[in-house]
2 protein chains.
Amino acid sequence: MQPCKGSARVQSNQFVIYIIGMDDHTDQTRKPRADAVRNRERVLEAAKLVFNAGGPEASLEAVAKRAGVGIGTLYRHFPTREDLFEAVYRREVEQLSELAEQLKNAKDPVDALRRWLRSGVEFVATKKGMVATLALAVQSGSELHAFSFERLTTAIGSLLDRAITAGAMRADISPEDLLRAFFGMCYMHDQPGWQASVLRMLDVFVDGLRVQPIAKGKALAAKPAKATVKRKR
Amino acid sequence: MQPCKGSARVQSNQFVIYIIGMDDHTDQTRKPRADAVRNRERVLEAAKLVFNAGGPEASLEAVAKRAGVGIGTLYRHFPTREDLFEAVYRREVEQLSELAEQLKNAKDPVDALRRWLRSGVEFVATKKGMVATLALAVQSGSELHAFSFERLTTAIGSLLDRAITAGAMRADISPEDLLRAFFGMCYMHDQPGWQASVLRMLDVFVDGLRVQPIAKGKALAAKPAKATVKRKR
DNA sequence: GAAGATACGGAGGCACCCTCCGTTTAACAA
DNA sequence: TTGTTAAACGGAGGGTGCCTCCGTATCTTC
């Protein structure tokens with residue numbers, strides 16, 4: 001199952017880095033084969049199309065065929081279905097992650113979180129396959145495919161932390177919690193009206209996340225809340 | 001695909017009712033065959049075991065085998081996988097539904113809703129297969145398998161209505177919204193710690209649902225009208 | 001007990017999964 | 001250029017599951 005015998009292959013964003021094994025010193029840095037690179041790209045392209053059209057359950061053989069590649073080749077590049085998912089949606093996940101980075105500088109941390117979540121919904125609406133896919137990957141408990149999940153957790157975590165530190169948000173919620181809730185709500189997209197529904201739910205959610213001035217008698221520092229609490233939308 | 005030529009079969013909770021067709025008057029009410037009834041029950045029993053163990057994707061052939069029944073028999077009784085789901089979890093859904101009925105008499109309507117949701121989590125924890133199953137049924141947009149979904153919508157709706165009418169909860173959330181959110185959150189059960197996480201999230205959620213009393217005591221009386229008018233949808 | 005309605009079961013055709021391995025091809029060295 | 005060899009290719013093949021179809025068995029009714 002290892003593509004290279006004496007070496008491990010680590011794959012970062014777009015490039016492929018070869019780490020030379022210690023046991024046999026055949027050669028230093030053999031350039032990756034051109035056909036391999038090409039095929040990998042083709043498979044990704046095809047997968048994106050096929051998954052977006054047919055959902056994450058779509059046939060891998062269809063992907064291979066669309067890519068003009070043998071099924072064996074597909075499996076060599078992406079040993080599991082989730083590996084393929086991961087690769088397909090990596091870019092999207094990174095975009096979301098970067099958005100969080102930007103929002104970190106917003107004034108109101110609660111609003112920043114809210115906006116991030118809303119953008120997430122937007123994303124899901126566009127990249128049809130994404131949520132179901134990631135949800136599936138997460139659900140199957142596959143530790144190794146946690147790239148996206150971890151990345152998003154970090155993203156959401158930074159927003160969350162900031163809001164908590166600012167005293168605007170309850171502190172007993174973890175980024176994982178929040179991500180789970182978010183994914184969950186989006187999971188049933190493709191029913192009519194899902195998008196509006198999810199946006200409503202997210203609003204409720206964020207409202208619920210605020211430190212409640214009533215409950216905690218002293219936490220009145222978070223006055224600015226009032227403005228947003230008003231019930232927008 | 002119709003089991004009886006000149007008659008339609010309507011299946012309510014546990015019994016099978018025969019409605020005589022108009023076109024041919026063969027006989028009035030032929031008793032259902034004993035073996036059919038027996039096999040149906042066997043399949044249900046087996047399905048419950050198999051789904052709870054192997055999740056909703058489990059093989060129907062495994063179910064048939066476990067039931068000691070041919071695959072054809074299984075398909076005759078339950079033409080689609082969702083039909084089988086529906087039948088298997090019907091009882092559970094009804095229990096949840098009844099619980100909502102009882103909670104309608106609670107004093108605090110918001111708390112009633114909260115308790116119902118918590119019970120839902122309990123339920124999910126026990127009946128492993130249920131959520132994934134219903135989620136799948138819902139997601140696949142199968143109009144006909146909406147029994148459970150509708151039942152739960154009604155249940156949750158009655159609790160919601162009461163809270164809204166009492167002015168304790170924002171009025172722009174539909175039962176479907178809420179159910180979606182609930183299912184979504186539960187969807188990723190089987191990760192470690194999911195249950196605690198979902199409970200936390202539900203708390204957040206219910207908090208977010210309350211009409212936010214900036215000044216608690218006095219605003220309560222005035223709120224209801226305002227809240228309900230606010231956003232109809 | 002016979003007739004006819006009904007239900008049974010599993011073979012069979014199809015689709016997909018994934019692995020294995022003989023063949024091809026690209027990179028490198030001479 | 002050409003030879004060598006690691007690496008990649010592709011698809012046959014064995015396995016599993018889905019679902020349908022229809023000859024056979026069984027039940028109800030008269």
Side-chain angles (χ1 to χ4, degrees), chain A residues 1-9 16 18 20-21 23-43 46-47 50-51 54-84 140, chain B residues 1-9 16 18 20-21 24-43 46-47 50-51 54-85 140:
Chain A
M1 200 147 278
Q2 290 293 23
C4 322
K5 258 214 188 66
S7 64
R9 216 172 76 189
V16 178
Y18 284 81
I20 309 306
D23 47 345
D24 67 340
H25 19 81
T26 50
D27 55 55
Q28 298 300 67
T29 36
R30 187 177 251 266
K31 217 166 65 180
R33 281 178 54 160
D35 53 350
V37 173
R38 177 171 22 89
N39 281 335
R40 183 168 209 283
E41 212 50 44
R42 278 191 189 166
V43 169
V50 172
F51 287 149
E57 326 260 61
S59 151
L60 294 188
E61 277 171 348
V63 172
K65 186 175 290 178
R66 174 139 213 164
V69 138
I71 185 67
T73 296
L74 184 151
Y75 273 97
R76 199 171 326 98
H77 284 294
F78 307 100
T80 75
R81 181 177 285 263
E82 269 113 24
D83 287 334
L84 186 50
S140 75
Chain B
M1 202 145 278
Q2 290 294 24
C4 321
K5 258 211 188 69
S7 64
R9 216 171 77 188
V16 178
Y18 284 81
I20 309 306
D24 67 340
H25 21 79
T26 50
D27 55 56
Q28 298 299 66
T29 35
R30 187 177 252 265
K31 218 165 65 180
R33 278 178 56 161
D35 53 349
V37 172
R38 177 171 22 90
N39 281 334
R40 182 168 210 281
E41 212 50 44
R42 278 191 190 167
V43 169
V50 172
F51 288 149
E57 327 260 60
S59 150
L60 293 188
E61 278 171 348
V63 172
K65 185 174 291 179
R66 174 139 213 163
V69 139
I71 185 67
T73 297
L74 185 151
Y75 272 97
R76 198 170 328 97
H77 284 293
F78 308 100
T80 75
R81 180 177 285 264
E82 269 112 25
D83 288 333
L84 186 50
F85 289 159
S140 75

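All chains are named by letter (A, B, ...) in the order of the sequence lines, taking the proteins before the strands, and each is independently numbered beginning at 1. Only a predicted model underlies this, so the values are computations on that prediction, with no experimental measurement involved.
Atom NZ in A:Lys65 sits about 14 Å away from atom P in D:dG10, given to the nearest Å. Across the protein-nucleic acid pair, A:Leu84 atom CG and C:dC17 atom P stand 11 Å apart, rounded to whole Å. Whole-Å rounding puts the A:Glu57 CD to D:dC18 C1' distance at 14 Å. Regarding A:Arg42, its CZ atom lies at a distance of 16 Å from the P atom of D:dA8, rounded to whole Å. As a whole-Å value, the separation of A:Leu74 CG from D:dA8 C1' is 14 Å.
Contact check, B:His77 against C:dA7: no side-chain N or O comes under 4.0 Å of OP1 or OP2. Proximity of A:Thr73 to the phosphate of D:dA8: no side-chain N or O atom is located under 4.0 Å from OP1 or OP2. In terms of phosphate contacts, B:Asn39 brings a side-chain nitrogen or oxygen within less than 4.0 Å of OP1 or OP2 of C:dC8.
Mapping B:Leu60 and A:Ala36 onto DNA chain D by nearest heavy atom places A:Ala36 at the nucleotide closer to the 5' end.
In terms of modelled atom types and a separation under 3.5 Å, the side chain of B:Asn39 and the main chain of B:Ala36 share no donor-acceptor contact.
For B:Ala64, the side chain to side chain contact (heavy atoms under 4.5 Å, CB included) partners are B:Ile71, B:Leu74, not counting sequence neighbours. Applying the side chain to side chain contact (heavy atoms under 4.5 Å, CB included) rule to A:Ala67 yields the partners A:Arg42, A:Val43, A:Ala46, A:Val69; only residues at least two apart in sequence or on another chain are considered.
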Sugar-phosphate means primed atoms, P, OP1 and OP2; the rest is base. With that split, encode nucleotides 21-28 of chain D 5' to 3' as B, S or - using protein heavy atoms under 4.0 Å. -----BSB
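Distance check, rounded to the nearest 0.5 Å: CD of B:Glu57 to CZ of B:Arg81 gives 7.0 Å. Distance check, rounded to the nearest 0.5 Å: OG1 of B:Thr73 to CZ of B:Arg76 gives 4.5 Å.
Side-chain contact between B:Val37 and B:Arg40 is absent, with no heavy-atom pair separated by less than 4.5 Å.
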Which is it for B:Leu84 and B:Phe51 under the side-chain contact (heavy atoms from CB on, under 4.5 Å) test, yes or no, and what are the steps along the way? CA-CA 10 Å; B:Leu84 186 50; B:Phe51 288 149; 3.9 Å; yes
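The side chain of A:Ile71 approaches D:dA12 more closely than any other nucleotide in the set D:dT20, C:dA7, D:dA12. Distances were taken from every side-chain heavy atom of A:Tyr75 (C-beta onward) to each of C:dC17, C:dG9, D:dC19; the shortest belongs to C:dC17.
Within 4.0 Å (heavy atoms only), A:Ser59 reaches sugar-phosphate atoms of the nucleic acid but no base atom.
Checked by distance alone, B:Glu61 brings a side-chain donor or acceptor within 3.5 Å of a matching partner on the base of D:dC19.
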